[in-house]
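Quick notes on the structure that follows.
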Amino acid sequence: MKFFLDTAKIEEITQAAAMGFLDGVTTNPSLVAQTGKSYLEVIQEICKVCKGPVSAEVLATDYAGMMEEARRWRKVAKNVVVKIPLTGDGLRAVKTCTEEGIPTNVTLCFNATQALLAAKAGATYISPFLGRLDDIGIEGMEVAQEIRSIYHNYEFSTQILAASLRHPLHVKQAALLGVDVITIPFKLLPALIHHPLTEKGLQIFLEDAKRIPA
Ligand code: E4P
């Protein structure tokens, strides 16, 4: 399973890379807006640090505008993946991108039939937003499971990128389910690493070590 970081902050990306948890990066307009920098500047900076796939989102909502932005993003760096919303125009843009060899990440997916359409259009990644589904009382993980089954049934090569993950349980369930990629906010990394028994056990070992003769 690949670990992507869901952020536009270069310091978070650098730290995750140092820990070995950086197979790629996803961004979205809300995350980029928090940096105070232009979207182009942010993606250029990220691509210097991360050599894995870096998702940059189109802001146009019409097919022609999306394609113009997709082709522009693709020229920024060879690891840029164009993030396209799951709309009618978006799916059409995904199909054209696929024909042109531009990798895509279809975003804002909230059910299995949407994911089926994205795979038919040739999406490289599908991003079901699991946490946002949980927020409205729908089991996001069940949707991910349905997508996994459908993609398996028809041998689609589209990779499932579990997004909008909020806590360690999401990460465990996504891994058990066999998603291809998870994208997580930086703040989730410490929550995944720490365990009170690890800390307590380490304290005991360090105390006991003081009694070991030199
Ligand atoms: C993924 O590509 C999205 O940027 C992200 O996971 C959305 O997460 P959120 O629901 O926490 O904003």
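Residue indices begin at 1 and follow the sequence shown. Given the structure is predicted, the values throughout are model-derived calculations rather than measurements.
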So how far is it from L165 CG to F4 CZ, rounded to the nearest 0.5 Å?
12.5 Å
Check whether L31 and V76 end up in the same hydrophobic cluster, where Ile, Leu, Val, Met, Phe, Trp and Tyr are linked by side-chain heavy atoms less than 4.5 Å apart.
no
Carboxylate-amine/guanidinium proximity below 4.0 Å for D135 and R132
no
Restricting to side chain to side chain contact (heavy atoms under 4.5 Å, CB included), what partner residues turn up for K48, sequence neighbours left out?
none
Do N105 and I84 have side chains that approach each other closer than 4.5 Å (heavy atoms only, starting at C-beta)?
no
Taking only residues two or more places apart in sequence or in another chain, which ones pass salt bridge (Lys or Arg N to Asp or Glu O under 4.0 Å) with K78?
none
Apply salt bridge (Lys or Arg N to Asp or Glu O under 4.0 Å) to E68 and list each qualifying residue two or more places apart in sequence or on a separate chain.
R72
In terms of side-chain geometry, is the basic nitrogen of K187 or D6 positioned less than 4.0 Å from the acidic oxygen of its partner?
no
T104 and its side chain to side chain contact (heavy atoms under 4.5 Å, CB included) partner, picked from T96, I126, V94:
V94
Quick one, R74 and P103 - any side-chain contact, counting heavy atoms below 4.5 Å?
yes
Any donor-acceptor pair under 3.5 Å linking the side chain of T27 with the backbone of E57?
no
Quick one: pull up CG in N28 and OG1 in T7 and give me the separation to the nearest 0.5 Å.
9.5 Å
Just how far is it from atom CD of Q173 to atom CG of L130, taken to the nearest 0.5 Å?
9.5 Å
Counting only heavy atoms not in E155, do more than 12 fall under 6.0 Å of its CD?
no
Going by the angle between their ring planes, with limits at 30° and 60°, are F3 and F21 parallel, tilted or perpendicular?
tilted
Contact check, side chains of M19 and L189, non-hydrogen atoms, under 4.5 Å
yes
To the nearest 0.5 Å, what is the distance between CG (D180) and CD (Q159)?
5.0 Å
Looking only at non-hydrogen atoms, find the nearest pair between I46 and A8 and report the distance.
CD1-CA, 4.2 Å
Salt bridge or not between K37 and E45? Use side-chain N to carboxylate O under 4.0 Å.
yes
Please round to the nearest 0.5 Å and tell me the distance separating atom CD1 of I102 and atom NZ of K75.
9.0 Å
Mind checking the CG-NZ spacing from L177 to K172? Nearest 0.5 Å is all I need.
13.0 Å
Scan side-chain atoms only and decide if T113 and N111 contain a donor-acceptor pair under the 3.5 Å cut-off.
yes
State whether the side chain of E69 and the backbone N or O of L59 hold a donor-acceptor pair below 3.5 Å, judged by distance alone.
yes
Sequence neighbours excluded, the answer for ring pair (Phe, Tyr, Trp, His ring centres under 6.0 Å) partners of Y63 is none
N79 side chain to V54 main-chain N or O, any donor-acceptor pair under 3.5 Å?
no
Compare every heavy atom of A191 with every heavy atom of P168, then report the nearest pair and how far apart it is.
CG-O, 3.8 Å
Could you work out, with side chain to side chain contact (heavy atoms under 4.5 Å, CB included) as the rule, every residue matching A119, not counting sequence neighbours?
Y151, F156, T158
For residues 179-214, which residue pairs pass the ring-ring contact (aromatic ring centres under 6.0 Å, His included) check, not counting sequence neighbours?
none
